[in-house]
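All remarks here apply to the structure that follows.
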There are 2 protein chains.
Amino acid sequence: MKLSIDHKSAVPLHIQAENLLRELIKDPEYQSGKLLPNEVDLAKILAISRTTLRQAINKLVYEELLIRKKRLGTKVAHPKMSSKSMNWLSFTQEMQARGIPIKNYELHVSWVYPDEFIANFFDIKADKKIMKLERLRGNAEEAFVYFVSYFHPRIGLTGDEDFKKPLYEMLEVDHSVVANLSKEEISAKAADKLIAGKLEIDPGSPVLFRKRFVFDQGDRPMEYNLGYYKAESFIYTVESRRTS
Amino acid sequence: MKLSIDHKSAVPLHIQAENLLRELIKDPEYQSGKLLPNEVDLAKILAISRTTLRQAINKLVYEELLIRKKRLGTKVAHPKMSSKSMNWLSFTQEMQARGIPIKNYELHVSWVYPDEFIANFFDIKADKKIMKLERLRGNAEEAFVYFVSYFHPRIGLTGDEDFKKPLYEMLEVDHSVVANLSKEEISAKAADKLIAGKLEIDPGSPVLFRKRFVFDQGDRPMEYNLGYYKAESFIYTVESRRTS
DNA sequence: TATGTTGCTATGTTTGTACATATAAACCAG
DNA sequence: CTGGTTTATATGTACAAACATAGCAACATA
């Protein structure tokens, strides 16, 4: 991505500015709290008007990627994933949007017989093996989440897929399966031996546990996913407005 | 709510316009698909500039309450409730909906100085005491959640209220404060001494921790609530549909 | 010392203006 | 009647210019 604005391009300036900001704030300096240049200067640097620049900034503020404070300035709003885009971005994408690169610590594919619960969810017989994907993921420093996914056989996965790409992107592009609806259950749990080992914490210490039931466009079940997040490493946010 | 714009009010015109639009589009005519007046006319009617009006409309478009189409116009984006509208039940109501009667094990009102975080959220000075409400609640067998709530002084609570009624009902009926927007953060935590004591679990064992920021109709902060749920006793469910 | 006061600087709000673009509908030529 | 062209109308993009407001800091006063 080019880090400058092309006034002749067909793509609107405020979109260009937005993208450019998204790149810019990945800089560790900004990630660690440095203020962005003030609006007037930044507009001058980019050679666009303050209004246009603000359009771009506003979008990111709305996404809670940036925080503005009068007289203080604008900086990246660190942690805390927002439910706005979340839910419908994969883990990788969400982290990337924040400039946090994701590392796969382990990635393991196996074929297993579904237990009753899973067979029931997928509405399949239990005598047919399905693909199980286990992933231990985190940032550069540490692994902080352990995922276990099961996929519906209908999708036709072979196990040779490129699981380094964002999962839903891969499924969409290579297997024409589009995730459309997700039902999630979030609770707290004590880590068992296995999870504790993976996340390098003591058995019995807390993890955030998320079950995710994912459906495709036809509302057919496509994935069953279990996520174990190291406590404090992951905050689930929900915003809801009364409708009555 | 008055359906006109007050240019002398302290509240920004685009906010007034936004609220006004929210009211306006409740009209069954608009709900059933009628186009809003075009921007130029509407701006003229409200006696604000088109740009300001657009600020308001943009917000609603971003919230997916309105849809715009070039040359066609702007109308309400009908149904499609995502997780936005869900989750709007109080704890008591939630439980009652499941047929679980709720018991208050402890109920304690006190007046405290807000810490920096709370003062900042409420946008008040830290030298004024605010009401703190602690409640230990559960079913007939055991207490499984410990709540701590702080209320904005604007509400004018005295401490003599009847906290046995559902909280939001009491606030609405007796204090004319209507909860309208809630932002929640859910994570897993290890119970400290205090929480462990209340919930009768071992210190260090997992609890589901929920922060809740509640806003009234004017999007003004009204309550800050911390909830500690005994692990396994509470599962948070979220359903979200892709909108793109 | 404590307390105003004032000014600086950042974001926040608002207006006026202009041109671009998408598209439905009216129009016109073959 | 058919197919292209124009026009009217809506949103979309962009700029410039003010003034408002919040908060910090430096200075001045009691």
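As the structure is a prediction and not an experimental result, all values here were calculated from the model. Below, chains carry the letters A, B, ... as their sequence lines are ordered, and counting in each starts from 1.
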**Nearest-angstrom distance from the residue atom CD1 of A:I57 to C1' of C:dA10** = 12 Å

**Item:** Separation of C:dT11 P from A:L36 CG (nearest whole Å)
**Value:** 9 Å

**Request:** Using atom CZ of B:R68 as one end and atom C1' of C:dA22 as the other, report the distance to the nearest whole Å.
**Result:** 14 Å

**Prompt:** With respect to the side chain of B:L13, which nucleotide from D:dA14, C:dT15, D:dA10 is positioned closest?
**Reply:** C:dT15

**Request:** Please name the pair of heavy atoms, one in B:P37 and one in B:L42, separated by the smallest distance, quoted to 0.1 Å.
**Result:** CG-CD1, 4.0 Å

**Prompt:** Should B:E134 and B:K198 count as an ion pair when the cut-off is N to O under 4.0 Å?
**Reply:** no

**Whole-Å distance separating the CG atom of B:D41 from the C1' atom of D:dT11** = 13 Å

**Asked** Side chains of A:R68 and A:N58: do they bring a donor and an acceptor to under 3.5 Å?
**Response** yes

**Asked** Rounding to a whole Å, what distance do you find between B:I48:CD1 and C:dG16:P?
**Response** 11 Å

**Request:** Quickly work out the B:L72 CG to D:dA10 P distance and round it to whole Å.
**Result:** 10 Å

**Prompt:** Just checking A:T52: base, sugar-phosphate only, or nothing, at a heavy-atom cut-off of under 4.0 Å?
**Reply:** sugar-phosphate

**Complete:** Of the listed C:dT13, D:dT11, D:dT9, the closest approach to the B:P12 side chain comes from C:dT13

**Any N/O donor-acceptor pair, A:R50 side-chain to C:dG12 base, under 3.5 Å** = yes

**Prompt:** When all nucleic acid strands are considered with a 4.0 Å heavy-atom cut-off, which category describes B:Q55: base, sugar-phosphate, or nothing?
**Reply:** base

**Asked** Where the side chain of A:R54 is defined as all heavy atoms beyond and including C-beta, which of C:dG12, D:dT11, D:dC15 is the nearest nucleotide?
**Response** C:dG12

**Request:** May I ask you to evaluate whether A:T74 reaches the phosphate of C:dA10, defined as a side-chain N or O under 4.0 Å from OP1 or OP2?
**Result:** no

**Item:** Proximity to the side chain of A:K70 - top-ranked nucleotide from D:dT13, C:dT11, D:dA16
**Value:** C:dT11

**Prompt:** Taking all atoms of both residues into account, what is the closest heavy-atom pair of A:Y229 and A:R210, and its distance?
**Reply:** OH-NH2, 3.1 Å

**Message:** Could you tell me how far apart B:H14 (NE2) and D:dT21 (C1') are, to the nearest whole angstrom?
**Reply:** 14 Å

**Request:** Could you tell me whether B:K189 sits above the aromatic face of B:Y146, with NZ or CZ closer than 6.0 angstrom to the six-membered ring centre and within 45 degrees of the axis?
**Result:** no

**Fill in**
The residue, A:K69 or A:L53, whose nearest nucleotide of DNA chain D is more 5′ is A:L53

**Prompt:** Considering only side-chain heavy atoms of B:T51, which listed nucleotide, C:dG16, C:dA22, C:dT11, is closest?
**Reply:** C:dG16

**Asked** Could you state the CD1-C1' distance from B:I67 to D:dG12, rounded to the nearest angstrom?
**Response** 16 Å

